[in-house]
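Below is one structure, written out as structure tokens; the observations come after it.
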Number of protein chains: 4
Amino acid sequence: MTGTPTEVDGAHRPAAPRKRADARRNEETLLAAAARVFVTSGVDAPVRDIAAAAGVGIGTIYRHFPTRADLIVAVYRHQVEACAEAGPALLETSSSPHAALAAWIDLFVDFLVTKHGLAGALQSDHASYDALHAYFIDRLLPVAAQLLDAAAAAGEIRPGLDPYVLMRGIGNLCIASTDERYDARRMVELVVAGMRQQ
Amino acid sequence: MTGTPTEVDGAHRPAAPRKRADARRNEETLLAAAARVFVTSGVDAPVRDIAAAAGVGIGTIYRHFPTRADLIVAVYRHQVEACAEAGPALLETSSSPHAALAAWIDLFVDFLVTKHGLAGALQSDHASYDALHAYFIDRLLPVAAQLLDAAAAAGEIRPGLDPYVLMRGIGNLCIASTDERYDARRMVELVVAGMRQQ
Amino acid sequence: MTGTPTEVDGAHRPAAPRKRADARRNEETLLAAAARVFVTSGVDAPVRDIAAAAGVGIGTIYRHFPTRADLIVAVYRHQVEACAEAGPALLETSSSPHAALAAWIDLFVDFLVTKHGLAGALQSDHASYDALHAYFIDRLLPVAAQLLDAAAAAGEIRPGLDPYVLMRGIGNLCIASTDERYDARRMVELVVAGMRQQ
Amino acid sequence: MTGTPTEVDGAHRPAAPRKRADARRNEETLLAAAARVFVTSGVDAPVRDIAAAAGVGIGTIYRHFPTRADLIVAVYRHQVEACAEAGPALLETSSSPHAALAAWIDLFVDFLVTKHGLAGALQSDHASYDALHAYFIDRLLPVAAQLLDAAAAAGEIRPGLDPYVLMRGIGNLCIASTDERYDARRMVELVVAGMRQQ
DNA sequence: GATGAATGAGTATTCATTCAT
DNA sequence: TATGAATGAATACTCATTCAT
């Protein structure tokens with residue numbers, strides 16, 4: 001493969017779909033590898049490590065994911081989507097908007113807390129993470145806003161809570177610590193309790 | 001002769017800190033410069049930049065502050081001390097333990113929010129920041145604990161709140177963001193409200 | 001597909017080392033440059049100097065030779081190998097084991113004496129030279145041992161001479177001196193003479 | 001003392017002798033400290049360490065011993081002198097010139113082997129050691145030459161042995177190794193044996 | 001499309017030596 | 001004289017990113 005593209009393949013049929021299949025498979029492999037590396041080394045893992053784990057050249061990573069943020073987004077897309085979709089669902093199935101909000105925040109925290117370094121990346125100002133911020137905001141902010149609005153409308157939480165501030169704050173609370181004493185969930189509990197209308 | 005000070009000298013006047021005068025002045029300059037650089041580049045600023053800003057050689061930085069943590073601690077010592085001392089004082093002057101706690105947290109947040117990168121350093125696992133962690137914990141944790149205990153004893157807040165978790169959490173919330181939309185204070189408000197005994 | 005080489009390729013021609021051609025050439029250049037720099041600045045020459053001499057970036061040096069020892073070994077490998085292989089050969093062609101031993105030591109000394117700083121590195125305790133020591137010991141010690149054994153068996157030299165001590169000692173004798181008056185060979189002669197069974 | 005010279009002293013008598021006494025005492029302290037530090041850290045020990053061990057400022061070291069070599073020479077002067085004087089003495093008391101030579105070399109080796117790093121410094125090309133070389137050469141070379149001449153005249157050793165080469169070679173052999181397997185004395189034995197007229 | 005070789009900016013840290021006090 | 005503060009040169013090493021093959 002390395003230096004000898006499989007000309008044979010392209011011979012029979014339109015190369016495009018064929019290649020796409022290859023590329024897609026390749027991308028899957030890559031995402032799986034990245035996910036694996038992220039778990040152990042965090043989302044800041046050296047590009048080379050990820051490439052090695054995927055059995056792929058560095059260039060391939062960059063071709064598929066020009067930015068580290070692109071890669072991170074791709075790796076966690078499913079879970080972010082699931083989290084996003086869980087919002088409206090919870091709103092329907094929960095006993096109250098506030099319960100839905102609390103449950104949803106739990107989901108979000110569970111997600112972040114288990115993604116080594118993700119919260120840190122989310123907080124980073126570094127330009128290479130712009131796309132990551134954008135994606136999270138685009139996808140999750142509306143959900144958070146909807147939940148907040150519903151709870152506020154129901155008079156269950158104090159009005160005027162900014163969904164951006166909430167998301168960002170929760171993200172910050174989830175920044176990992178080596179120190180076992182710290183427990184992000186405990187802090188988030190306080191936040192959730194604090195939102196309630198007294 | 002270092003080991004055999006001519007006691008005669010010390011008898012008359014404060015002869016001891018003679019050379020020190022220079023060095024002390026220098027250290028002041030250095031701290032001021034460091035503080036300045038920290039504002040713009042964060043507490044992670046390259047040593048060389050700090051030296052340059054102070055108009056001294058790199059070696060001078062290392063002489064006065066062997067570790068970056070030493071420098072950071074020195075730069076913020078006054079404010080940390082003030083914050084630490086404010087705890088008991090607030091407890092006496094405030095209308096209630098919870099009010100004292102809230103006021104103290106405000107002070108802490110004010111401090112952190114205005115120190116670019118400090119919250120980040122506080123959260124860092126890097127060994128070079130160990131002394132920094134230690135200092136903050138040593139100095140502020142007991143204060144936080146005292147305030148929490150008092151408020152809990154007064155039945156104003158839910159019992160069992162871990163001061164370490166609280167400090168760390170608040171620290172995390174204060175990690176700066178370029179995004180103007182984020183406001184750590186708003187989050188901290190929620191936390192404070194959440195601590196209340198409903 | 002780093003992990004799944006298309007075996008088909010390798011079947012026809014030496015397709016494998018395609019890219020390698022460049023890299024290999026580069027490595028040659030690098031080794032040549034290093035050798036050149038070693039002559040003038042010794043094997044302790046700054047990495048940057050070597051990179052500059054080779055007209056490559058610093059990173060390239062590290063890619064090819066992660067450790068300074070790796071570089072040194074690579075630079076002198078041919079000569080060390082030749083020296084190692086000369087041992088058995090000399091044993092066969094020489095008039096006596098002692099003659100073979102003496103001739104071999106001459107080769108060794110010739111090698112060391114012309115490699116500025118090498119003897120010094122060989123003597124250094126610094127960890128970064130571990131691989132260098134290991135290589136020399138691995139490759140040359142058995143040869144020295146064989147020669148010593150043969151000569152001892154022939155009753156030509158005093159028994160019980162430790163090959164390690166001999167190698168190390170000769171290495172030390174070859175540590176370069178700016179002073180023209182010193183002549184390592186003269187000292188080695190004495191050592192060789194001293195080994196003889198009187 | 002540090003900043004307040006004892007003006008009282010100079011008041012009564014000619015300051016010169018007085019000061020000299022002080023200075024001499026100071027120098028003794030300093031030499032003792034240096035010797036102590038040399039044992040553990042070698043003759044390359046940081047100047048600051050030596051100053052600290054002596055309870056003296058760095059400047060004082062430089063005042064008394066402008067060059068590191070000056071300090072080393074001063075520290076070992078007694079022993080070098082003793083070694084130098086032992087030459088002629090041995091020549092008189094020994095059973096033969098060769099025996100005297102061997103005994104003297106033993107003394108020299110004993111000296112070097114117990115002085116951590118000294119042999120290395122002796123071998124160094126660095127300019128700061130020039131005075132060290134000079135002193136050793138000035139003081140010991142004539143002795144070695146005398147012994148060699150006597151032994152050569154007696155027909156006990158091969159003629160034409162260069163005392164400089166011998167001294168330097170023995171020095172090199174004494175360069176310390178962490179590796180316990182190396183034993184300088186064993187090598188020197190061979191050299192001594194090799195000098196004999198067969 | 002894939003590969004991976006090359007690049008080189010970015011920093012911490014040590015220590016000999018000088019010189020103002 | 002002694003002190004010790006200040007200086008700053010000297011270097012190793014990592015890793016993101018580009019681009020020729």
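The structure displayed is predicted, hence computed values, not measured ones. Naming convention: chains lettered A, B, ... in sequence-line order (proteins, then strands); numbering from 1 in each chain. Only heavy atoms go into these numbers, but all of them, side chains included; no hydrogens, no water, no symmetry mates.
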Length of the [atom1]-[atom2] vector between [X] and [N], whole Å:
X: B:E28; N: F:dA5; atom1: CD; atom2: P; answer: 15 Å
X: C:H126; N: F:dT11; atom1: NE2; atom2: P; answer: 13 Å
X: A:D44; N: F:dT14; atom1: CG; atom2: C1'; answer: 14 Å
X: C:R25; N: E:dA6; atom1: CZ; atom2: P; answer: 11 Å
X: D:F65; N: F:dT1; atom1: CZ; atom2: P; answer: 14 Å
X: D:I50; N: E:dT17; atom1: CD1; atom2: P; answer: 12 Å

Can you figure out which of [options] approaches the side chain of [X] most closely?
X: B:Y62; options: F:dC13, E:dT17, E:dT14; result: E:dT14
X: A:H64; options: F:dA6, E:dT13, E:dA2; result: E:dA2
X: C:R48; options: F:dC13, F:dT7, F:dT17; result: F:dC13

* Are B:T60 and F:dT7 close enough that a side-chain N or O sits under 4.0 Å from OP1 or OP2? ->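 Checking B:T60 against F:dT7: at least one side-chain N or O falls below 4.0 Å of OP1 or OP2.
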* **B:N26 vs F:dA5: side-chain N/O to OP1/OP2 distance below 4.0 Å** =>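 For B:N26, the contact criterion (side-chain N or O under 4.0 Å from OP1 or OP2 of F:dA5) is not met.
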Please answer whether the main-chain N or O of [Y] pairs with a side-chain N or O of [X] as donor and acceptor at a distance below 3.5 Å.
X: D:R68; Y: D:V43; result: yes
X: B:H133; Y: B:S124; result: yes
X: D:S41; Y: D:F38; result: no

* Asked: Which sits closer to the 5' end of DNA chain F, C:R68 or B:I61, going by the nucleotide each is nearest to?
  ->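 Its nucleotide being nearer the 5' end, the pick is B:I61.
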* Asked: Across all strands shown, which nucleotide pairs with F:dA10 by Watson-Crick or G-U wobble geometry, both distances under 3.5 Å?
  ->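 Base partner found: E:dT13.
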* To do: Could you check D:L30 against D:T60 for side chain to side chain contact (heavy atoms under 4.5 Å, CB included), going step by step and ending with a plain yes or no?
  => CA-CA 9 Å; D:L30 222 155; D:T60 306; 4.1 Å; yes
* To do: Would you mind telling me which residue lines up with the more 5' stretch of DNA chain E, C:E27 or B:D49, judged by nearest nucleotide?
  =>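 First, find each residue's nearest nucleotide; the 5'-ward one identifies C:E27.
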* If each of B:I58 and C:R63 is mapped to the nucleotide of DNA chain E with the nearest heavy atom, which maps nearer the 5' terminus, i.e. the 5' end? ->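 Its nearest nucleotide being more 5', the pick is C:R63.
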* What distance do B:Y62 atom OH and B:D70 atom CG have between them, rounded to the nearest 0.5 Å? ->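 Rounded to the nearest 0.5 Å, the OH-CG separation comes out at 11.5 Å.
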